Number of protein chains: 2
Amino acid sequence: MSRRRVTISDVAELAGVSYQTVSRVVNNKPDVSESTRKRIQKIIKETGYRPSQIARSLVTARTATIGLVVPDISNPFFSAVARGVEQLAYSQGYSILLCNTGEDVTRELDVLHTLHERYVDGVIVCGLRQEDALLQEALANFKAAVLVNRRLQGEPVPAVLIDDELGGYLNTQHLIQLGHTAIGFLAGPAASYSGTQRRLGYSRALVEAGILLEEKWITNFTPTVSDGEAAAEVMLQANPELTALICHNDLMAVGALRYCAASGRRVPEDIAIIGFDDIMLATLVSPPLSTCHVPRVEVGRIAASMLIEQINDKADWSDEIVIQPHLVIRASTAAPAGVSDDAIMQPTPDHIPLG
Amino acid sequence: MSRRRVTISDVAELAGVSYQTVSRVVNNKPDVSESTRKRIQKIIKETGYRPSQIARSLVTARTATIGLVVPDISNPFFSAVARGVEQLAYSQGYSILLCNTGEDVTRELDVLHTLHERYVDGVIVCGLRQEDALLQEALANFKAAVLVNRRLQGEPVPAVLIDDELGGYLNTQHLIQLGHTAIGFLAGPAASYSGTQRRLGYSRALVEAGILLEEKWITNFTPTVSDGEAAAEVMLQANPELTALICHNDLMAVGALRYCAASGRRVPEDIAIIGFDDIMLATLVSPPLSTCHVPRVEVGRIAASMLIEQINDKADWSDEIVIQPHLVIRASTAAPAGVSDDAIMQPTPDHIPLG
DNA sequence: CTGAAAGCGCTAACAG
DNA sequence: CTGTTAGCGCTTTCAG
C-alpha cells in the first residue's frame with residue numbers, strides 16, 4: 001500500500017522554519033534553540049520523517065554502504081564470513097550490499113562495476129577467481145577494498161588471510177606425533193590457493209619429521225562429500241600402507257569416513273582421518289572429526305574493521321592480517337595400530353558416536 | 001589507492017557535446033546520430049565512466065535495490081533463501097541490501113528504518129518475531145514487501161508460505177502407512193508458527209486414521225541437535241510404547257538418532273525417525289534420514305519475483321503463494337516390528353550407512 | 001537531432 | 001540562532 005514519502009521540506013513547513021534548521025536537528029548540529037529543536041523533533045516523530053540517504057550521499061559522496069562479494073552465500077564458509085562482516089559493519093552504521101558471483105568470472109567484474117555505480121564506500125571480496133591484473137584494476141575504482149584469503153601480485157591490496165600452510169602443517173604434525181608415517185593427502189582442486197598452501201604445510205611437516213614425501217600419496221579431487229568418498233577409495237586401494245588421511249576440508253573427510261565405514265575400515269583404529277574448517281557437521285558424524293578450526297565469523301569481522309579503517313583514512317593499502325587456525329582433536333584420529341598407547345597423548349572422545 | 005570519479009560532464013566535455021546527449025546514449029535513448037553515439041561510447045569506454053546510481057535514484061525515485069531482512073545469514077535456511085533471492089534479483093537488475101537482525105526484535109524495526117532511508121524499492125522479510133501491528137506499520141513505508149513464512153493479521157501483505165501443516169501431515173501419514181500407531185512428536189518451540197502448523201498436520205493425519213491423539217506423546221524443545229537428543233530421551237523413557245518419532249526439524253532428528261544409538265535402539269527397526277527441512281546433514285547421518293523437503297532456494301526466488309512484480313505494479317498486496325514440501329524417504333523409517341513387510345511398501349535405502 | 005532549464009532531497013558554506 | 005544560496009550528478013521536459 002505504501003504511503004507518500006515525507007521530505008525535509010514537509011517537516012520544515014509544518015514547523016514553520018526553513019528546511020535548513022530541520023537539517024540541523026536531524027544531524028545533531030548546534031545553533032538551534034532548544035525550543036525549536038524540541039518542536040522539530042516532535043514533528044519528525046509524528047510524521048515519521050526519515051532523511052533520504054540517497055540525497056545525502058549525493059552531496060557527501062559517502063553512502064555508508066559496503067559491498068560484499070562472495071561466490072555463493074549459501075556456502076557455509078561465506079555465509080559465516082558474511083555474518084561477521086555484517087556484525088561489525090552494522091555496529092559502525094554501515095549497510096551491506098551483497099553480491100553473489102556464482103563462481104562466474106565475468107560476473108565478478110560485473111558486480112564490482114555495479115558496486116562502483118552505487119558508490120559503495122568500500123568492498124570486501126572473497127574467493128574470486130579473477131586474474132590479478134584485472135581484479136587490481138577493478139578494485140582501483142574504490143576508496144577502500146579488502147581481500148579475503150587472497151594476495152595480489154603488484155600493488156598490494158589489504159587482505160585478511162587464513163594461514164592455510166600452518167593448518168596443513170598442524171594437521172600433519174598431529175598425525176606424526178601420534179606415530180603415523182604413511183599419511184595420505186586428499187587435496188582439493190589443484191588450482192585452489194588455499195589448497196596449495198595446505199599442501200605446502202603437509203610437506204613441511206613431513207620434511208621436518210624426516211619422512212619421505214611420496215607423490216602417489218597425494219590426489220586432487222573436488223572438495224565435496226562424494227568426491228571425498230571417491231578419493232578415499234582410490235587412495236586406500238592403491239596404497240594399502242596408509243594409516244592416516246589428511247583431507248582438504250571437512251566435507252571430503254566426511255566422505256572418507258563414509259568410504260571407510262562402507263569398506264569395513266575402522267576409524268581411527270585402522271585409518272586416522274583429519275579434516276579442515278571445523279564445520280558443524282564435523283561434530284555430528286561418527287566418529288566426530290578431528291579438524292583444523294578456521295574462525296570464519298572472525299575473518300569477516302576483521303575484514304570489515306580493516307575496511308572501515310581504510311575508509312576513514314586510518315589505514316593504508318598495504319595492511320595484511322594473517323589468521324591462525326588451530327587444531328581441534330576429536331575422535332577420528334589416534335595412534336596407528338602397533339604403536340603403544342602409553343607412548344602417545346591420546347585424545348578423549350567428547351561425543352557419543354552416532355549410528 | 002582509488003581514482004577520481006569521472007562524471008557525465010567530463011564525458012560530455014571530452015566529446016564536445018552537452019551532457020544531455022551523453023545521458024541519451026547511456027540510457028540507449030533515440031535521437032542521437034550514429035556518429036556522435038559511437039564517439040561518446042568510445043569516450044565512455046576509455047574513461048571508464050559509470051553513471052551514478054545515487055544521482056539517478058534521486059531523480060527517478062527508484063534504486064533498483066531490494067532489502068533482505070533475515071535473523072541470521074549464517075543459518076543455512078536463510079542463506080539458501082538469500083541465494084534464491086539474489087539469483088532472481090540479479091537477473092532483473094536488482095541488488096540486495098542484506099540485514100541481519102540477530103533475532104533481536106528492536107533491531108528488526110531498526111533495519112527496516114535503515115532500508116526505508118535508503119529508498120529500497122521493496123523488502124523481503126524472513127523470520128521476524130515482531131508483532132503484527134508494528135511490523136505492518138513498518139512495512140507500510142515500502143512500495144513493495146514480501147513476507148517469508150509468515151502471515152499478517154489485518155491488511156494482507158504478500159507472502160510466500162511453506163505449507164508446514166501439509167509437511168506435518170505427510171510425515172505422519174507416511175508413518176501410519178508403514179503401520180505405526182504410537183507416534184511421538186518432538187516439537188519445536190511452542191511459540192513457533194511453523195511448529196504449530198506442523199503439529200496441526202500431525203493431528204490431522206492421526207484423526208484421519210482414527211488414531212487417538214495422546215498429549216503425552218508431544219513435547220516441546222529447542223530445534224537443535226542436543227535438544228533433539230534430550231527430547232528423544234525424555235520421550236522414549238516415558239513412553240516405551242512409541243515406535244516412531246516425528247521431529248520438528250532435521251537437527252532434532254539427528255539428535256534423536258544419536259540418542260537411539262547411545263541407548264542401543266536400532267533405527268528404523270526399533271524406532272522410526274523422520275525429520276523436516278532436508279538439510280545436507282540428513283543425507284550424511286546413519287541411517288540417512290527420511291524427511292520432508294523444503295525447497296529453500298526456490299522460496300527465495302519466488303519471494304523475489306513476487307516482490308519485483310509488486311514493484312512494477314503487476315501485482316497487488318494480497319497475493320500469497322504456498323509452497324508444498326514433499327517427502328523424501330530414506331532409511332530412518334520402516335515398518336514397526338511385527339508388521340509384515342509384504343503388506344507395506346518398503347523404501348530402499350539409497351545411501352551407504354556411516355559409522 | 002541537440003541543448004537549456006528545472007529539480008530530485010539534502011548538506012555546506014555564507015549571510016544576516 | 002536562523003535563513004539564503006549553491007551545488008552533488010543525473011533525468012525529464014521543453015525549446016530550438
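Reminder, nothing fancy here: chain letters follow the sequence lines and each chain counts from 1. What you see is a predicted model; the values in this text were computed from it and never measured.
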Would you say T21(B) reaches dG3(C)'s phosphate, i.e. side-chain N/O to OP1/OP2 under 4.0 Å?
yes
For atom CD1 of I8(A) and atom C1' of dA12(C), their distance in whole Å:
13 Å
Protein-nucleotide distance (E13(B), atom CD; dG3(C), atom P), rounded to Å
14 Å
Roughly, in whole Å, what's the span from CZ in R56(B) to P in dC8(D)?
18 Å
Any chance the side chains of R118(A) and T65(A) put a donor and an acceptor closer than 3.5 Å?
no
For Q20(B) and for N27(A), find the nucleotide of DNA chain C with the closest heavy atom, then tell me which residue's nucleotide is more 5'.
Q20(B)
Over all strands shown, is S18(A) touching base, sugar-phosphate only, or nothing at heavy-atom distances under 4.0 angstrom?
base
Does R24(B) reach a base, just sugar-phosphate, or nothing at all? Heavy atoms under 4.0 Å.
base
Are E320(A) and R151(A) close enough for a salt bridge, meaning some N to O gap below 4.0 Å?
yes
Y90(A) and side chain to side chain donor-acceptor pair (under 3.5 Å): which partner among T101(B), T114(B), D110(B)?
D110(B)
By nearest heavy atom, map V17(A) and R50(B) onto DNA chain D; which one lands nearer the 5' end?
V17(A)
Whole angstrom value for the distance that separates P of dG7(C) from CD1 of I54(B):
23 Å
Is any side-chain N or O of Y19(B) closer than 4.0 Å to OP1 or OP2 of dC8(D)?
no
Rounded to the nearest Å, what distance is computed from the CZ atom of residue R62(B) to the C1' atom of nucleotide dC10(D)?
15 Å
Ignoring the backbone of T60(A), work out which of dG9(C), dT11(C), dG9(D) is nearest its side chain.
dT11(C)
Salt-bridge contact R83(A)-D72(B) (side-chain N to carboxylate O under 4.0 Å):
yes
Below 4.0 Å: OP1/OP2 of dT11(D) and any side-chain N or O of S23(B)
yes
Using a cut-off of 4.0 Å on non-hydrogen atoms, how would the nucleic acid contact of T36(B) be classed: base, sugar-phosphate, or nothing?
sugar-phosphate
Expressed as a whole number of angstroms, how long is the span from Q53(A):CD to dC8(D):C1'?
14 Å
Whole angstrom is fine here: how far is it from CG in N28(A) over to C1' in dT11(C)?
15 Å
Hey, does H116(B) have a side-chain heavy atom less than 4.5 Å from the side chain of R5(A)?
yes
dC8(C) P sits how many Å from R5(A) CZ, rounded?
14 Å
